[in-house]
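To start, the structure itself, in structure tokens.
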Amino acid sequence: MKRTHNNGELRSSDINKTVTLKGWVAKKRDLGGLVFIDLRDKEGITQLAFNPDSPLYKKTLEIKNEYVLEVTGNVIERSSKNKKIPTGEIEVEVKELEILNTAALTPMIIADETDALEETRLKYRYLDLRRPVMQNNFVVRHKTAQAVREYLNNDNFLEFETPILTKSTPEGARDYLVPSRINGGEFYALPQSPQIFKQLLMISGFEKYYQIAKCFRDEDLRADRQPEFTQIDIETSFMDQEEILNISEGMIKHVMKSVKGIELKEDFPRITYAYAMDKYGVDKPDTRFEMLLTNITDIASQSSFGVFTSNIENGGIVKAINVKNAASDFSRKKIDKLTDFVKKYRAKGLPFLKFVNNEFAGSILKFFTPELLVSLKEALNVEENDLILFGSDKTEVVNQSLGQLRNHIAKTLELYSNDDYDFVWVVDWPMFEFREEQQRYYSLHHPFTRVKDEDLELLNEAPEKALAYCYDLVVQGQELGGGSVRIHKTDLQNKVFDILGISKEEQQEKFGFLLDALKYGTPPHAGIAFGLDRLVMLLVHTENIRDVVAFPKTNSAQCVMTSAPSKVADEQLEELSIKTLI
RNA sequence: GGUCCAGUGGUGUAGCGGUUAACAUGUCGGUCUGUCACACCGAAGAUCGCGGGUUCAAUCCCCGUCUGGACCGCCA
């Protein structure tokens, strides 16, 4: 028999209808003859009722949780209604009952409020995914992808597929390698992103490309990082930064509207990378709350606090954040905890001052003259019961530690809501950073990013000062996407490779095909990529990427359900001309 | 590569240098005609992750190891 309805749709208007339902037994309640079964499917739960005099009563005795049933019966009004669920007005008085399948005792409760540990959930992922919350996550994921396609299709973008078996390139993340059987001793790499292919498609003249692309990076995992993840990948010809930002903003707004019903009317604000680093300490600022970093190096240099003065003499800086009206919330013990927190980010300590009873208090107070305290009060806009936390170190350490501390404190004090979508563009990124340890330049974005026209000369003099046509979309302190205008001329691309210290030979070996292609009338082009997983995380309010990936990997990059990765037969290795060291 | 947290009936937790290893839930049996976290009565269910050490005695303390999680480094 076919289903006539799903388990989420029957209402009192359906009373007296004869219906056929299918689904899983979410819960059985036997009151001693009178039996209720909550039948669950993708759409919801409908209560089935069996009277004690029903000929089916006997059959209900063998039914257990997660059995799969097909029932036919009449929709009747409940004598006691349940306002908690949409179908709570009615129930189905069952006339025919077929057990489509039995179910073993499940290792976890199939309900939103499961008490199972993540390890158990991952091992029995197919059961975990039966839970309505998880089902909803993947409905949202689907809707998001569809909204993206809808928006881009309407704007004449073409959806492409690019190779999964591709070429290993230097720079960037570690590659996942795939051995070639036919070409023994040689390897494909899985793409970290379809970057070069989408640029080549622009050279081919397709003008507007997009792909919902799987990407692979062999790096350590985090709560928001999986070795394989999905990007909404976009590239266009003849567009400048402004046009890319507009298209992207339109797309995100379309997603918010069609998935969440939220209309974002305002333009997304834009801040520069330099401003983000200065005021938030991080390149992905959470702009839902203030508590900005304030540079007080000048004031600190006049104090007699050796930690500050010697640091400043060594070229370091001093910044502070003002935690408004929180002095009384932070005991010595709690501040010690904050100190431990910043130590993770290589800060050596966390000096503080409290402003209570209209005066400063704290162990470092004695190093400040009354005049300096006035300056401090002004610079940090200090009011009654404020807590001032200081960072004193090299610029990078101060920014990172105070920036992370800012987020951490805001979280503990609940200074924000997850329903506050504070999209912000971070623009004007530097082309390169110079890493002392390796003594060489690294691309901040990637080696195909175009330098700002006005900074072209800086590439010769001081590459680290050159800014790029480069942009990130940030929301709630998370990087949601990023992109750049690309280099479309061979000489500039050569120059950037040179600055990165890639030899001419390696340029030719690794990127020869791109350098070649650039010669044949490459149009100016620009693009962007968004993390689909992170976008869905944002929409379903989870901090765990595994909640939005159907079959994710654990921290150690394993799948506890399938036990991948695993050993293979020696013959397989031999065929691939491979020997393992272990 | 490193730091921290966790691992105890099916599931989730408590516990303590000597316990009959506790609680909740689930499971099984029984009672029950309006439940919806049904209720009530009863029962079964544990190699306390694994290996070693300290001790008269270790689930508990120590070392190692494995697994999961959070983080630093890493992630153009």
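Predicted model, so just to flag it, every value in this text is computed and none were measured. In what follows, chains are A, B, ... by sequence order, proteins preceding strands, each numbered from 1.
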So A:Pro107, base contact, sugar-phosphate only, or nothing? Heavy-atom distance under 4.0 Å. sugar-phosphate
Pairwise C1' distance, B:rC48 and B:rU35 [rounded to whole Å]: 38 Å
Output the residues of residues 33-51 of chain A in contact with RNA chain B, where contact means a heavy atom of the residue under 4.0 Å from an atom of the strand; sort by number or write none. A:Leu34, A:Phe36, A:Gln47
Have a look at A:Thr449 and say if it touches a base, only the backbone sugar-phosphate, or nothing, with a 4.0 Å heavy-atom cut-off. nothing
For B:rA37, does OP1 or OP2 lie under 4.0 Å from any side-chain N or O of A:Lys84? yes
Could one point to a donor on the side chain of A:Glu91 or the base of B:rG34 with an acceptor on the other under 3.5 Å away? yes
Pair A:Arg534-A:Asp224, salt bridge (Lys or Arg N to Asp or Glu O under 4.0 Å): steps then yes or no: CA-CA 7 Å; A:Arg534 287 190 184 165; A:Asp224 63 350; 3.5 Å; yes
A:Asp218/A:Arg174 under salt bridge (Lys or Arg N to Asp or Glu O under 4.0 Å): CA gap, chis, key distance, verdict: CA-CA 5 Å; A:Asp218 187 4; A:Arg174 214 172 276 119; 5.0 Å; no
Of A:Phe448 and A:Leu122, the one whose closest RNA chain B nucleotide lies more 5': A:Leu122
What interatomic distance, in whole Å, is found between P of B:rG73 and the corresponding atom of B:rU65? 25 Å
Does CD belonging to A:Glu414 count more than 12 external heavy atoms closer than 6.0 Å? no
What integer number of Å spans the C1' atoms of B:rU67 and B:rG49? 8 Å
CG of A:Asp283 versus C1' of B:rC75: gap in Å, rounded? 12 Å
Nucleotide opposite B:rC61 in a Watson-Crick or G-U pair, distances under 3.5 Å: B:rG53
By a strict heavy-atom criterion of less than 4.0 Å, which residues belonging to residues 70-80 of chain A are in contact with RNA chain B? A:Arg78, A:Ser79, A:Ser80
Approximate separation, where rounding is to 0.5 Å, of A:Asp491 CG and A:Leu515 CG: 11.0 Å
For B:rG29 and B:rG68, measure between their C1' atoms and round to the nearest Å. 37 Å
Could you tell me how far apart A:Asn82 (CG) and B:rC38 (P) are, to the nearest whole angstrom? 11 Å
Each nucleotide N or O in nucleotides 6-8 of chain B that has a protein N or O under 3.5 Å away: list the pair and distance.
none

Which base sits across from B:rC4 as a Watson-Crick or G-U pair, both distances under 3.5 Å? B:rG69
Looking at every non-hydrogen atom in both residues, tell me the closest pair between A:Gln192 and A:Ala173 and how far apart they are. NE2-O, 2.6 Å
Got more than 12 heavy atoms from elsewhere within 6.0 Å of CD, A:Glu543? no
Other residues, nucleotides and ligands only: do more than 12 of their heavy atoms fall within 6.0 Å of NZ on A:Lys504? yes
Tell me, with the steps shown, if A:Lys95 and A:Asn74 meet side-chain hydrogen bond (donor to acceptor under 3.5 Å, both in side chains). CA-CA 8 Å; A:Lys95 300 294 181 203; A:Asn74 300 326; over 6 Å; no
Length of the CD1-P vector between A:Ile110 and B:rG12, whole Å: 13 Å
Return the set of residues passing ring-ring contact (aromatic ring centres under 6.0 Å, His included) with A:Tyr416 (not counting sequence neighbours), or none when no residue passes. A:Phe289
Would you say the side chains of A:Tyr209 and A:Asp233 form a donor-acceptor pair under 3.5 Å? yes
For atom CG of A:Leu31 and atom C1' of B:rC32, their distance in whole Å: 7 Å
Both distances below 3.5 Å, Watson-Crick or wobble geometry, any strand: find the nucleotide opposite B:rG34. none
Counting the atoms with a prime plus P, OP1 and OP2 as sugar-phosphate, which does A:Gln558 contact under 4.0 Å by heavy atoms, base, sugar-phosphate, or nothing? sugar-phosphate
Atom P, compared across B:rG26 and B:rA70: separation rounded to whole Å: 29 Å
Using a cut-off of 4.0 Å on non-hydrogen atoms, how would the nucleic acid contact of A:Asp30 be classed: base, sugar-phosphate, or nothing? base
Donor-acceptor pair, distance only, cut-off 3.5 Å: does the side chain of A:Asp38 make one with the backbone of A:Ala26? no
Not counting sequence neighbours, which residues clear ring-ring contact (aromatic ring centres under 6.0 Å, His included) with A:His408? List them please. A:Phe341
Counterpart base for B:rG17, defined by Watson-Crick or G-U wobble contacts under 3.5 Å: none
Using the C1' atom on both, measure B:rG53 against B:rC41 and round to a whole Å. 48 Å
Using nucleotides 26-30 of chain B, report all nitrogen or oxygen pairs with the protein that are shorter than 3.5 Å.
{"from": "B:rC28", "atom 1": "OP1", "to": "A:Lys64", "atom 2": "NZ", "distance (Å)": "3.2"}

With hydrogens left out and only the distance checked, is there a donor-acceptor pair under 3.5 Å joining A:Arg225's side chain and the base of B:rC75? yes
Counterpart residues, ring-ring contact (aromatic ring centres under 6.0 Å, His included), relative to A:Tyr273 (two or more places apart): A:Trp429
What is the distance from CZ of A:Arg121 to P of B:rG12, rounded to the nearest Å? 11 Å
If I pick the C1' atom on B:rA24 and the same atom on B:rU31, what distance separates them, to the nearest angstrom? 23 Å
Atom P, compared across B:rA6 and B:rC62: separation rounded to whole Å: 12 Å
With salt bridge (Lys or Arg N to Asp or Glu O under 4.0 Å) as the rule and sequence neighbours excluded, what pairs involving residues 391-407 of chain A come up? A:Lys348-A:Asp393
Heavy atom of residues 485-513 of chain A under 4.0 Å from RNA chain B: which residues? none
Picking from B:rU35, B:rG12, B:rC74, the nucleotide nearest the side-chain atoms of A:Arg29 would be B:rU35
Which protein N or O atoms sit under 3.5 Å from an N or O of nucleotides 70-72 of chain B?
{"from": "B:rA70", "atom 1": "OP1", "to": "A:Arg546", "atom 2": "NH2", "distance (Å)": "3.0"}
{"from": "B:rA70", "atom 1": "OP2", "to": "A:Asn555", "atom 2": "OD1", "distance (Å)": "3.1"}
{"from": "B:rA70", "atom 1": "OP2", "to": "A:Asn555", "atom 2": "ND2", "distance (Å)": "3.4"}
{"from": "B:rC71", "atom 1": "OP2", "to": "A:Ala223", "atom 2": "N", "distance (Å)": "3.1"}
{"from": "B:rC72", "atom 1": "OP1", "to": "A:Tyr345", "atom 2": "OH", "distance (Å)": "3.4"}
{"from": "B:rC72", "atom 1": "OP2", "to": "A:Arg222", "atom 2": "NE", "distance (Å)": "3.0"}

Using a heavy-atom cut-off of 4.0 Å across all strands, would you classify A:Lys28 as base, sugar-phosphate, or nothing? nothing
Counter-base of B:rA43, judged by Watson-Crick or G-U geometry with both distances under 3.5 Å: B:rU27
Restricting to pairs with a member in residues 57-73 of chain A, which pass salt bridge (Lys or Arg N to Asp or Glu O under 4.0 Å), not counting sequence neighbours? A:Lys22-A:Glu70, A:Arg40-A:Glu66, A:Glu66-A:Arg130
Residues in ring-ring contact (aromatic ring centres under 6.0 Å, His included) contact with A:His446, at least two apart in sequence or another chain: A:Phe448
Is it true that A:Gln199 and A:Gln195 share a donor-acceptor pair across their side chains at a distance under 3.5 Å? yes
A:Phe187 atom CZ: more than 12 heavy-atom contacts under 6.0 Å: yes
